[in-house]
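In what follows, a single structure is set out as structure tokens and then discussed.
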Amino acid sequence: MGYVWAMTHVTDSMVVDPSASTAMRTHRCGELGREQVGEAVRLGGWVHRRRDLGGLVFIDLRDRAGIVQLSCDPRWTSPDVMARASAAGTESVVLVKGTVGLRPEVARDTTLATRDVEVHVTDLRVVGPAVTPAIPVARKEGEELPAEELRLKNRVLDLRRPELQASLLLRHRLAQRARRTLSDLGFLEIETPILTKPTPEGARDYLVPSRVHEGEFYALPQSPQIYKQLLMVAGYDRYFQIARCFRDEDLRADRQPEFTQIDIEASFVAQEDVQGFVEQVLVAMWDEAGESVAAPFRHLSYRDAMERWGIDKPDLRFGFEIQDFTPFVQPDAAPFVHEALAKGGRLRGILAPGAASASRKEIDGLTAAAKELGAGGLIWARRTGAAWEGQGVKAIGLDTLTRIRGADGDLLLAVPGADGVTSPTLHAVRTLLTRRPGVTPSAAHAFCWIVDFPLFEKDPATGERIFVHHPFTSPHVEDIPFLDSDPFRCRALHYDAVYNGNELGSGSIRITDPALQQKIFSLLGIGPEEIRRRFGFLLDGLAAGAPPHGGFAIGFDRVAMLLSGASSLRDVIAFPKTTAARALFEGAPIPVAERELHALHLQLRREK
RNA sequence: GGGGCUGUAGCUCAGCUUGGUUAGAGUGCCGCACUGUCACUGCGGAGGUCGCGGGUUCGAGCCCCGUCAGCCCCGCCA
């Protein structure tokens with residue numbers, strides 16, 4: 001608490017912002033320090049805490065810059081002002097006149113950034129009385145936050161908390177820095193429509209019924225994808241937008257139905273140009289948060305990432321890489337291992353140095369995580385000295401273990417099977433291993449690019465060929481000949497930016513050849529009529545003289561979350577939605593009256 | 001759509017394992033006292049549909065079923 005406070009508010013209070021001065025106040029509370037001693041000041045703020053000693057009243061007055069102590073003392077405060085100070089309720093807004101004074105030496109034992117000074121109050125008026133707050137803004141040390149449901153219902157109070165104010169302040173600075181960085185690189189900030197056309201591909205659209213056109217709907221954009229491509233065709237060269245995007249899908253801690261992307265597109269570029277722009281923006285934002293990071297970022301192919309980390313967004317701050325133990329498997333391995341190999345699977349696993357100390361309970365936890373992801377179980381063995389022990393000795397056999405070798409103190413964790421099972425399983429296992437006490441990251445920041453994603457994948461449900469990304473992503477030029485003969489061999493000019501195991505965003509080089517775009521659509525089984533209906537305006541655009549172009553979208557909320565140390569997107573969004581996509585504070589969504597539905601040509605059908 | 005966790009005073013929590021007095025604590029709130037506090041202190045007080053509905057039982061905050069809400073995860077998120 002005190003730590004966060006000091007960290008976020010001392011910095012701000014070091015500089016007096018002259019623009020803070022208004023007709024009603026001269027400074028922000030948190031800006032006052034020794035430099036203002038002797039000055040007459042006027043302040044406005046919220047009563048954070050009040051300490052009423054009878055003859056003396058102290059008030060901690062809070063605003064967005066921090067807290068300063070008000071001292072009401074008969075030596076400088078009249079009896080009627082004293083009475084008002086003593087009656088000022090918690091979280092009420094007061095206007096104060098006074099003089100900045102040095103606090104008595106013995107009375108500076110405080111965590112406030114403004115610890116040396118206080119305001120000797122000569123006038124105080126409650127201008128915004130507050131009812132008793134439903135949730136506390138000022139908390140005791142160690143006091144838990146109120147339940148998130150209450151925080152969301154009482155959002156104005158929650159937003160007053162210094163931590164949340166610090167997060168939103170940082171978010172503002174990140175946005176400004178990104179904006180300036182891109183603008184300096186010649187990118188133009190251009191807005192695109194919020195009422196757009198449904199794109200039945202991908203995520204579910206939020207639909208908006210048209211009043212004017214019966215039975216027709218707008219969609220809220222899942223991203224400005226097609227618009228930004230058309231801006232390239234229109235010759236705008238370099239575009240960006242801090243764009244709101246909407247997806248009607250189920251939520252997670254790091255997923256909101258409406259979210260913000262730093263959306264970028266540029267013409268006459270290759271993949272590395274776009275990556276260079278994105279790196280500059282990311283480095284600038286990290287710098288804004290006080291973190292020094294270096295570009296260019298390391299490149300990893302999708303295939304490598306899946307092979308060594310089991311995921312396309314590896315956390316490179318830690319070791320515990322996945323290995324292929326298949327070549328070491330000897331006849332003494334258990335039948336189920338041989339069966340898995342016979343079916344074309346592999347035996348993959350992790351040799352975790354020093355993890356032989358893991359308790360049985362811990363290993364059970366790893367096994368449970370493995371089973372949750374579809375693995376039959378988790379083979380494990382620990383090596384002490386030269387000896388292996390554990391269930392894995394039987395499962396994969398001593399001969400196999402001997403060939404795997406390992407070192408004293410290693411914990412071996414392995415899973416036989418298809419990559420589709422072993423990769424996610426071992427990724428989950430690895431993630432748990434990195435969280436063991438005593439495991440330290442090799443660096444604070446590990447950025448990388450994941451490149452060479454496959455263009456197509458098989459739909460696990462239907463077996464049909466589906467696009468991994470959106471259908472405007474260009475294949476590698478050298479893979480185009482294989483589009484028909486060996487589609488799964490084709491790599492996409494698609495790239496993800498990954499940071500400490502988090503996907504920060506993704507982008508691609510787009511298809512600009514209308515013929516190739518048509519071909520891709522038809523490979524996906526979309527007929528000419530449907531192409532026309534859905535994407536006609538894009539194809540027409542491409543046919544009008546399209547420059548080679550590509551772009552990227554940075555998940556801005558996620559960046560703000562990571563850089564502010566928040567554990568949820570909801571803590572970097574002023575008015576977020578719950579996991580059921582409800583807004584508890586304002587109370588959306590709500591049922592609408594029959595006549596409103598009627599005007600929109602809609603009729604409700606009651607389910608069940 | 002599926003799985004898990006949580007729901008008791010304004011707030012944070014205990015009570016639930018093993019059903020049985022008047023459901024407690026801290027804090028906040030209200031009142032009184034208090035001239036250097038800073039989580040002020042001291043004294044006194046008010047404050048509860050134990051999320052909601054049903055069931056079992058002589059008796060349910062506690063057991064069972066259902067439901068709602070919040071959170072976490074899987075599916076989903078081109």
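Letters go in sequence order (proteins before strands), and every chain restarts at 1.
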Which value, in whole Å, describes the distance between the [atom1] atoms of nucleotides [N] and [M]?
N: B/G20; M: B/G59; atom1: C1'; result: 7 Å
N: B/G48; M: B/G54; atom1: C1'; result: 22 Å
N: B/G31; M: B/U67; atom1: P; result: 47 Å
N: B/G66; M: B/C11; atom1: C1'; result: 30 Å
N: B/G10; M: B/A23; atom1: P; result: 16 Å
N: B/U56; M: B/A46; atom1: P; result: 38 Å
N: B/A14; M: B/G55; atom1: P; result: 30 Å
N: B/U6; M: B/G15; atom1: P; result: 12 Å

Exercise for review: Not counting sequence neighbours, list each pair that qualifies as a ring-ring contact (aromatic ring centres under 6.0 Å, His included) and has a residue in residues 510-531 of chain A.
Suggested key: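 As it turns out, the ring-ring contact (aromatic ring centres under 6.0 Å, His included) pairs with a partner in residues 510-531 of chain A, which skip direct neighbours, are A/F521-A/F535.
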Check your understanding: Which pairs with one or both residues in residues 129-149 of chain A pass ring-ring contact (aromatic ring centres under 6.0 Å, His included), sequence neighbours excluded?
Key ->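 For residues 129-149 of chain A: none.
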Review point. Looking for any heavy atom pair under 4.0 Å, which part of the strands does A/V57 touch: base, sugar-phosphate only, or nothing?
Key: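 A/V57: no heavy atom of the nucleic acid under 4.0 Å.
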Check your understanding: Reckon A/L251 touches a base, only the sugar-phosphate, or nothing at all at heavy-atom distances under 4.0 Å?
Key ->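 Answer is nothing: A/L251 stays at 4.0 Å or more from every strand.
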Checking the side chain of [X] only, and the main-chain atoms of [Y] only, is there a donor and an acceptor separated by less than 3.5 Å?
X: A/Q517; Y: A/P471; result: yes
X: A/S223; Y: A/Q225; result: yes
X: A/R491; Y: A/H476; result: no

Review point. Is the Lys NZ or Arg CZ of A/R489 less than 6.0 Å from the centre of A/F482's six-membered ring, within 45° of the axis?
Key: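 A/R489 over A/F482 ring: yes.
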Point to revise | Contact letters for nucleotides 1-9 of chain B, in which S counts primed atoms plus P, OP1 and OP2 and B counts the base, heavy atoms under 4.0 Å | key: B--------
Exercise for review: Spell out yes or no: do the side chain of A/R247 and the base of B/C76 have one donor N/O and one acceptor N/O closer than 3.5 Å?
Suggested key: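 No such pair is found, so the answer is no.
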Does any nucleotide pair with [N] by Watson-Crick or G-U wobble geometry, both distances under 3.5 Å, and what is it?
N: B/G26; answer: B/C11
N: B/C58; answer: B/G20
N: B/U49; answer: none
N: B/C76; answer: none
N: B/G42; answer: B/C32

Practice item. Indicate yes or no: does A/R558 engage A/E503 in a salt bridge with an N to O separation below 4.0 Å. Key: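 No, no charged N to carboxylate O under 4.0 Å.
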Do you see a donor-acceptor pair shorter than 3.5 Å between the side chains of [X] and [Y]?
X: A/Y239; Y: A/D263; value: yes
X: A/Q69; Y: A/R51; value: yes
X: A/Q229; Y: A/H549; value: yes
X: A/D80; Y: A/S78; value: yes
X: A/S86; Y: A/D52; value: yes

Strictly under 3.5 Å: I want the nitrogen or oxygen pairs between protein and nucleotides 27-30 of chain B, one per line.
{"unit_1": "B/U27", "atom_1": "O3'", "unit_2": "A/K140", "atom_2": "NZ", "d": "3.4"}
{"unit_1": "B/G28", "atom_1": "OP1", "unit_2": "A/K140", "atom_2": "NZ", "d": "3.3"}
{"unit_1": "B/C29", "atom_1": "OP1", "unit_2": "A/T90", "atom_2": "OG1", "d": "3.1"}

Rounded to whole Å, how long is the line connecting atom [atom1] of [X] with atom [atom2] of [N]?
X: A/L150; N: B/G51; atom1: CG; atom2: P; result: 14 Å
X: A/L112; N: B/C38; atom1: CG; atom2: P; result: 12 Å
X: A/F453; N: B/A78; atom1: CZ; atom2: C1'; result: 13 Å
X: A/F521; N: B/A78; atom1: CZ; atom2: P; result: 16 Å
X: A/Q261; N: B/C77; atom1: CD; atom2: P; result: 16 Å
X: A/D116; N: B/C38; atom1: CG; atom2: P; result: 18 Å
X: A/D158; N: B/U12; atom1: CG; atom2: C1'; result: 15 Å

Practice item. Would you mind reporting whether A/S92 and A/W46 have side-chain heavy atoms less than 4.5 Å apart? Key: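 No; the side chains remain at least 4.5 Å from each other.
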Check your understanding: Should A/Q271 and A/Y495 count as side-chain neighbours, where that means a heavy-atom distance under 4.5 Å?
Key ->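 The answer is yes, as the side chains (C-beta and beyond) meet within the 4.5 Å cut-off.
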Review point. Between B/U37 and A/R51, is there an OP1 or OP2 to side-chain N/O distance shorter than 4.0 Å?
Key: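 No.
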Check your understanding: A/R49 side chain N/O closer than 4.0 Å to the phosphate oxygens (OP1, OP2) of B/C40?
Key ->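 Yes, because at least one side-chain N or O of A/R49 sits under 4.0 Å from OP1 or OP2 of B/C40.
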Check your understanding: Do A/F552 and A/W449 make the cut of ring centroids closer than 6.0 angstrom?
Key ->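 Ring centroids of A/F552 and A/W449 are less than 6.0 Å from each other.
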Any N/O pairs under 3.5 Å between the protein and nucleotides 32-36 of chain B? List them or say none.
{"unit_1": "B/C34", "atom_1": "N3", "unit_2": "A/D52", "atom_2": "O", "d": "3.3"}
{"unit_1": "B/C34", "atom_1": "N3", "unit_2": "A/G54", "atom_2": "N", "d": "3.4"}
{"unit_1": "B/U35", "atom_1": "OP2", "unit_2": "A/G55", "atom_2": "N", "d": "2.9"}
{"unit_1": "B/G36", "atom_1": "O6", "unit_2": "A/R75", "atom_2": "NH2", "d": "3.1"}
{"unit_1": "B/G36", "atom_1": "N1", "unit_2": "A/E118", "atom_2": "OE2", "d": "2.9"}
{"unit_1": "B/G36", "atom_1": "N2", "unit_2": "A/E118", "atom_2": "OE1", "d": "2.5"}
{"unit_1": "B/G36", "atom_1": "N2", "unit_2": "A/E118", "atom_2": "OE2", "d": "3.2"}

Check your understanding: Within a radius of less than 6.0 Å around OH of A/Y206, do more than 12 heavy atoms belonging to other residues, nucleotides or ligands occur?
Key ->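 Atom OH in A/Y206 is packed in, count exceeds 12.
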Exercise for review: On RNA chain B, check which nucleotide each of A/E144 and A/E249 is closest to and give me the residue with the more 5' one.
Suggested key: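 Taking each residue's closest nucleotide, the earlier one in sequence belongs to A/E144.
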Under 3.5 Å, which protein N or O atoms sit close to an N or O of nucleotides 67-71 of chain B? Give each pair with its distance.
{"unit_1": "B/A69", "atom_1": "O2'", "unit_2": "A/E149", "atom_2": "OE1", "d": "3.4"}
{"unit_1": "B/A69", "atom_1": "O2'", "unit_2": "A/E149", "atom_2": "OE2", "d": "2.6"}
{"unit_1": "B/G70", "atom_1": "OP1", "unit_2": "A/T578", "atom_2": "OG1", "d": "3.1"}
{"unit_1": "B/G70", "atom_1": "O4'", "unit_2": "A/E149", "atom_2": "OE1", "d": "3.4"}
{"unit_1": "B/C71", "atom_1": "OP1", "unit_2": "A/T579", "atom_2": "N", "d": "3.2"}
{"unit_1": "B/C71", "atom_1": "OP2", "unit_2": "A/T579", "atom_2": "N", "d": "2.6"}
{"unit_1": "B/C71", "atom_1": "OP2", "unit_2": "A/T579", "atom_2": "OG1", "d": "2.2"}
{"unit_1": "B/C71", "atom_1": "O3'", "unit_2": "A/R570", "atom_2": "NH2", "d": "2.9"}

